[in-house]
Amino acid sequence: MTTIRLCHLYPAQMNFYADRGNIAVLARRLAWRGHQLEITESGPGHEPSADHELWYLGGGQDRDQTLVAGDLVDNKAPAMRAAADDGAAMLFVCGGIQLAGHSYIGVDGETLAGAGVLDLTTMAGPERLIGDLVIDAEIDGRTDTVVGYENHAGRTTLGVGCRPLGRVISGHGNDGTSGFEGAVRDRVIGTYLHGPLLPKNPWIADTLLGWAIEHRTGSTVELEPLPDELEAQARARAIARAGVER
Ligand code: GLN
């Protein structure tokens with residue numbers, strides 16, 4: 001049995017659209033394979049150590065991001081950057097991807113510095129980008145459809161240090177014009193997909209868990225497949241609702 005150490009950043013402040021549900025999926029899918037998740041909740045004032053194998057920051061509104069951004073840069077960013085460089089697995093959702101980047105300029109024009117884990121910047125635009133979002137995502141050589149819901153004012157521009165998670169099939173994605181959605185570097189994934197993301201897209205959950213186990217143990221793992229029938233139905237329904245043929 002392997003214990004994966006998860007650092008859950010700002011669970012109280014950054015939990016838009018039940019993004020916390022992603023943690024429940026990670027814990028369950030790990031337990032079904034005989035492993036366990038040990039969760040550290042890292043709120044304001046807490047300095048997490050860099051030796052967590054898995055990191056998570058959910059979405060939040062501008063006011064939530066304003067509350068945590070200074071603390072993120074001062075107390076969390078050095079450990080996060082060290083862990084990302086060392087091969088830890090990370091998931092950042094919506095407000096999370098914005099704060100994982102270099103900076104976010106919010107609706108009120110205030111600039112928030114980010115953790116600098118992902119090479120990207122974000123600026124709020126005049127209209128919110130809202131609705132079902134369907135993308136073709138590519139991770140570790142596998143391309144598959146990923147579904148969710150987006151609601152953000154931020155327009156995210158990627159630098160050369162990361163690539164998009166996928167291409168938008170239906171919806172807006174990073175900025176509503178580029179056709180890109182999300183960002184990936186090493187074992188770090190950022191995305192605008194809420195829903196929450198992982199219940200309907202279990203292969204993303206298993207990718208993160210596989211990466212975390214590899215990072216912890218130093219050896220590659222084949223996670224035992226799970227039936228995932230309900231998950232497949234939920235994903236198919238989301239694809240149909242978006243009017244996408246798959
Ligand atoms: N506050 C950010 C925006 O509106 C993020 C919103 C979110 O996390 N859903 O762009």
Side-chain angles (χ1 to χ4, degrees), residues 1-4 6 8 11 14-39 41 53-60 89-97 130-152 165-173 181-182 184 187 189-214 220-246:
M1 186 188 76
T2 304
T3 299
I4 294 301
L6 170 93
H8 186 181
M14 301 287 285
N15 181 35
F16 207 43
Y17 288 128
D19 280 343
R20 186 191 277 268
N22 289 321
I23 305 285
V25 170
L26 291 167
R28 266 334 273 163
R29 296 186 75 83
L30 205 52
W32 280 327
R33 272 71 167 248
H35 304 300
Q36 72 177 19
L37 197 65
E38 183 184 290
I39 302 170
E41 299 203 338
E53 293 78 41
L54 192 50
W55 296 70
Y56 177 68
L57 177 58
M90 300 188 174
L91 177 63
F92 299 107
V93 177
C94 200
I97 186 178
I130 303 175
D132 292 312
L133 177 57
V134 179
I135 70 169
D136 275 343
E138 199 214 309
I139 308 174
D140 272 358
R142 171 176 174 178
T143 303
D144 210 338
T145 307
V146 171
V147 301
Y149 186 79
E150 64 183 325
N151 181 356
H152 52 107
L165 169 63
R167 292 208 156 262
V168 175
I169 306 301
S170 176
H172 303 286
E181 204 292 310
V184 178
R187 291 174 173 150
I189 298 175
T191 181
Y192 274 105
L193 287 156
H194 294 284
L197 170 73
L198 297 180
K200 295 193 195 75
N201 304 285
W203 71 280
I204 307 268
D206 283 356
T207 299
L208 289 162
L209 292 173
W211 284 344
I213 294 172
E214 270 176 60
T220 315
V221 283
E222 278 297 322
L223 285 169
E224 185 194 321
L226 296 170
D228 288 340
E229 282 148 26
L230 278 176
E231 290 82 350
Q233 281 176 30
R235 193 172 73 143
R237 182 172 279 247
I239 291 170
R241 197 174 57 204
V244 172
E245 296 276 331
R246 272 288 180 274

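Being a predicted model, the structure only gives us computed values, none of them experimental.
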Let me have the donor-acceptor pairs involving side chains of residues 222-232, under 3.5 Å, with sequence neighbours excluded, atom names and distances please.
{"unit_1": "Asp228", "atom_1": "OD1", "unit_2": "Arg29", "atom_2": "NH1", "d": "2.8"}
{"unit_1": "Asp228", "atom_1": "OD1", "unit_2": "Arg29", "atom_2": "NH2", "d": "3.4"}
{"unit_1": "Asp228", "atom_1": "OD2", "unit_2": "Arg29", "atom_2": "NH2", "d": "3.0"}

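Taken to the nearest 0.5 Å, the CG atom of Leu209 stands 7.5 Å off from the CG atom of Leu37. Once rounded to the nearest 0.5 Å, the distance linking CD of Glu41 with NE2 of His8 reads 6.5 Å. Ile135 contributes atom CD1, which lies 9.0 Å from atom OG1 of Thr145 (distance to the nearest 0.5 angstrom). Atom CD1 of Ile139 and atom CD1 of Ile204 lie 3.5 Å apart (nearest 0.5 Å). The line from OH of Tyr56 to CG of Leu26 is 8.5 Å long, rounded to the nearest 0.5 Å. Here the CG atom belonging to Leu6 is positioned 11.0 Å from the CE atom belonging to Met90, to the nearest 0.5 angstrom.
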Q: Could you please spell out the steps behind the side-chain contact (heavy atoms from CB on, under 4.5 Å) verdict for Asp132 and Val147?
A: CA-CA 8 Å; Asp132 292 312; Val147 301; over 6 Å; no
Q) side-chain contact (heavy atoms from CB on, under 4.5 Å) between Glu138 and Asp136: does it pass, once the steps are laid out? A) CA-CA 7 Å; Glu138 199 214 309; Asp136 275 343; over 6 Å; no
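Between Val25 and Ala205, the shortest heavy-atom contact is CG1-CB, 4.0 Å. Across His152 and Gly173, no two heavy atoms sit closer than the pair CE1-O, 3.1 Å. Listed here is the closest heavy atom pair of Pro199 and Pro196: CD-O, 3.4 Å. Nearest heavy atoms, Leu133 versus Val168: CD1-CG1, 4.2 Å. Nearest heavy atoms, Trp203 versus Ala137: CH2-O, 3.9 Å. When every heavy atom of Thr220 is checked against every heavy atom of Glu214, the shortest pair comes out as CA-CG, 3.5 Å.
Not counting sequence neighbours, the partners of His194 by the ring pair (Phe, Tyr, Trp, His ring centres under 6.0 Å) test are Phe16, Tyr17. Scanning for salt bridge (Lys or Arg N to Asp or Glu O under 4.0 Å) contacts around Glu150 gives an empty result, with sequence neighbours left out. Here Glu38 pairs with nothing under the salt bridge (Lys or Arg N to Asp or Glu O under 4.0 Å) rule; sequence neighbours left out. Every side-chain contact (heavy atoms from CB on, under 4.5 Å) that Val244 has, sequence neighbours left out, goes to Val134, Ile169, Ser170, Ile239, Ala242, Arg246. Residues passing the ring pair (Phe, Tyr, Trp, His ring centres under 6.0 Å) test with Phe92, sequence neighbours excluded: none.
For His35 (side chain) and Leu30 (main-chain N/O), no donor-acceptor pair under 3.5 Å exists by modelled atom type. Remark: the backbone N or O of Leu165 is not paired with any side-chain donor or acceptor of Glu181 at under 3.5 angstrom.
Salt bridge annotation for Arg187-Glu53: absent, with no cationic side-chain nitrogen under 4.0 angstrom from a carboxylate oxygen.
Looking only at side-chain heavy atoms (C-beta outward), Val93 and Leu193 stay at 4.5 Å or farther from each other. For the pair Leu197 and Val146, the minimum side-chain heavy-atom distance is below 4.5 Å.
The neighbour count for Arg167 CZ, taken as heavy atoms of other residues, nucleotides or ligands under 6.0 Å away, does not exceed 12.
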